[in-house]
Engineer: 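Below you will find the structure I want to go over with you.
Sequence lines set the chain letters: A, B, ... in the order given, protein chains first and strands last, and positions in each chain run from 1.
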2 protein chains.
Amino acid sequence: MNRSPLSESVEMYLKALVELSDREMVAIGRLADRLGVTAVSANEMVKRLGEQGLVKHTPYKGVALTKKGRDAACNILRRQRLWECFLYDHLKIEWTQLYEYACSLEHATAPEVTEALAAFLGNPQTCPRGNPIPAADGSFAPLNGIPLGELDTGRAATILAVNATATEVIKHLYDRNLLPGHKVTVLEAAPLQGPLTLRVDGKDVALGLALAEYIIVSR
Amino acid sequence: MNRSPLSESVEMYLKALVELSDREMVAIGRLADRLGVTAVSANEMVKRLGEQGLVKHTPYKGVALTKKGRDAACNILRRQRLWECFLYDHLKIEWTQLYEYACSLEHATAPEVTEALAAFLGNPQTCPRGNPIPAADGSFAPLNGIPLGELDTGRAATILAVNATATEVIKHLYDRNLLPGHKVTVLEAAPLQGPLTLRVDGKDVALGLALAEYIIVSR
DNA sequence: AATTATCATAAGGTCAACCTTATTATCTTT
DNA sequence: AAAGATAATAAGGTTGACCTTATGATAATT
Ligand SMILES: [Mn+2]
Ligand SMILES: [Mn+2]
Ligand SMILES: [Mn+2]
Ligand SMILES: [Mn+2]
């Protein structure tokens with residue numbers, strides 16, 4: 001069962017891995033980028049995670065969570081998203097700050113507290129940023145959506161979730177009404193990886209492709 | 001203003017110092033004991049705290065918090081005790097677990113979250129373990145009580161607060177009804193630092209002097 | 001005044017997570 | 001097949017927060 005507590009760093013790596021697992025294998029470079037760490041550091045950590053059986057690294061192919069690692073990661077997501085609910089619904093914290101504050105609390109939350117919090121909140125299924133909350137057993141229906149960058153030009157869709165993590169980026173998206181529940185249409189995709197032009201709430205918005213990746217819309 | 005975030009270790013040292021400040025100067029040995037650390041380690045940390053202006057160390061006399069250090073410490077106490085209120089009143093966490101869980105959360109709580117939590121709770125003045133909650137500005141009316149060990153034999157008093165930190169110790173006291181609001185009488189103090197014999201809720205209880213130090217009673 | 005206990009300091013280690021700078025290996029693309 | 005991009009590994013460092021063992025310095029007690 002191995003009830004050893006994972007360090008904050010380890011937890012953040014696991015969370016990043018589950019968030020980046022659109023495809024099974026995650027390139028270490030992508031992982032390093034997301035965590036704001038050098039590729040060498042990410043390699044070192046992945047080695048440690050492998051020794052703990054949380055991850056399987058296939059050189060030159062990528063990193064994948066093991067069952068154990070995925071379970072741990074889902075539990076971290078659960079904690080994070082439950083805290084987001086509490087912070088938003090009860091403490092009236094600004095939407096743009098939710099990720100940052102919940103990302104601290106998630107590492108300081110014992111299992112008993114997690115479950116009591118879930119009960120207090122009425123076992124919510126979704127967090128204010130649009131993501132599903134994994135159940136206590138780790139089970140978890142992923143969002144059935146696609147990144148905004150993959151939406152066909154001319155198509156309208158509804159934003160399901162916003163997955164940016166840097167508060168600065170979150171604020172940028174918030175200021176442009178790129179929020180769960182809002183409708184977006186891709187008016188134009190500029191060539192050469194250029195920005196998208198979107199229609200959101202009656203306004204035109206230019207958005208770089210990197211940012212568009214964070215926005216999950218209905219298909 | 002120096003808004004650098006303090007590490008968890010630093011915060012725990014500051015909290016220990018404010019909790020041990022019955023007399024102005026805290027002996028490094030006492031500090032080390034309370035934190036479960038060697039005296040050498042405590043010395044090293046005190047040196048670092050001194051460099052950050054949080055503490056003044058007078059060799060062979062003891063450590064004292066500076067204004068800056070005391071303000072920081074009171075803010076940590078505020079966070080901890082607010083979390084205890086939330087965990088107890090809203091999440092229905094067992095009384096004996098409050099310290100442990102709040103002691104994790106306290107380090108992961110941004111100022112904005114602290115104040116929103118205080119508002120959510122209705123700005124409570126006292127935590128479930130009986131201690132006053134410092135105000136947002138750090139001001140703080142200390143309990144007007146004495147440790148149970150200093151209560152005269154034969155005298156009855158009311159428990160104001162229980163300040164033990166080890167969950168094991170807290171459970172021991174809880175099982176004997178040594179809780180805020182309960183009445184205690186010291187029936188006998190055995191010689192040679194022997195245990196106290198107490199009368200609590202109609203039962204006789206033997207309690208070592210070390211444990212009695214954690215219980216603050218009315219004078 | 002001498003003994004003993006506590007405290008301070010010196011010296012050297014460990015461990016997790018980071019870092020830089022090279023070098024080498026593999027994959028992908030031309 | 002060669003080039004270029006990405007990934008892995010090697011080597012050496014840093015920092016905070018711990019540790020042990022040993023040696024001086026001061027305070028308290030007899
Ligand atoms: Mn986090
Ligand atoms: Mn703590
Ligand atoms: Mn050293
Ligand atoms: Mn090395």
Engineer: The side chain of A/N43 is closest to which nucleotide in this list: D/dA8, D/dA17, D/dC19?
Structural biologist: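 The answer is D/dA8, which lies nearest to the side chain.
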
Engineer: For a quick check under 3.5 Å, do B/E112 and A/Y101 share a side-chain donor-acceptor pair by atom type?
Structural biologist: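 Yes, side-chain donor-acceptor contact under 3.5 Å.
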
Engineer: Between A/Y99 and A/T167, is any pair of side-chain heavy atoms under 4.5 Å apart?
Structural biologist: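 A side-chain contact is absent here, since even the closest heavy-atom pair is not under 4.5 Å.
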
Engineer: Between atom CE in B/M45 and atom C1' in C/dT9, what is the gap in whole Å?
Structural biologist: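 In whole Å, C/dT9 C1' and B/M45 CE are 18 Å from each other.
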
Engineer: Between B/K61 and B/R48, which has a closest nucleotide on DNA chain D that is more 5'?
Structural biologist: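 Its nearest nucleotide lies further toward 5', so the answer is B/R48.
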
Engineer: For a quick check of understanding: with a heavy-atom distance under 4.0 Å over all strands, which category does B/S9 fall into, base, sugar-phosphate or nothing?
Structural biologist: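 Here B/S9 touches the backbone only, sparing every base.
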
Engineer: Map A/G36 and A/Y60 onto DNA chain C by nearest heavy atom, then report which one ends up closer to the 5' terminus.
Structural biologist: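 The 5'-side residue here is A/G36.
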
Engineer: Considering just the side-chain nitrogens and oxygens of B/H57, establish if one lies under 4.0 Å of OP1 or OP2 belonging to C/dC7.
Structural biologist: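 It does not, given that no N or O in the side chain of B/H57 lies less than 4.0 Å from OP1 or OP2 of C/dC7.
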
Engineer: Return the value, rounded to whole Å, for the distance between atom CE of B/M25 and atom P of C/dC7.
Structural biologist: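 That distance rounds to 14 Å.
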
Engineer: Which is more 5' along DNA chain C, the nucleotide nearest B/A27 or the one nearest A/E8? Just name the residue.
Structural biologist: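 Between the two, 5'-proximity favours B/A27.
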
Engineer: In Å, rounded to the nearest 0.5 Å, how long is the span from CH2 of B/W95 to CD1 of B/I170?
Structural biologist: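 If we round to the nearest 0.5 Å, B/W95:CH2 and B/I170:CD1 are 6.5 Å apart.
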
Engineer: To the nearest 0.5 Å, what is the distance between CG on B/L198 and CZ on B/R176?
Structural biologist: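 Atom-to-atom, B/L198:CG and B/R176:CZ are 10.5 Å apart.
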
Engineer: For the side chain of A/V40, counting heavy atoms from C-beta on, which of C/dC18, D/dC18, D/dA10 is nearest?
Structural biologist: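 Closest nucleotide to the A/V40 side chain: D/dA10.
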
Engineer: Compare side-chain N and O positions of A/T38 against OP1 and OP2 of C/dC19 and report whether any pair is under 4.0 Å apart.
Structural biologist: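 Answer yes for this pair, as a side-chain N or O of A/T38 is under 4.0 Å from OP1 or OP2.
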
Engineer: For A/V37, answer base if it contacts any base atom (sugar-phosphate contacts may also be present), sugar-phosphate if it contacts only those atoms, and nothing otherwise; contact means non-hydrogen atoms under 4.0 Å.
Structural biologist: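 Answer is sugar-phosphate: A/V37 comes under 4.0 Å of backbone atoms only.
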
Engineer: Atom CG of A/L31 to atom P of C/dC18: distance rounded to whole Å?
Structural biologist: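 It works out to 11 Å between those atoms.
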
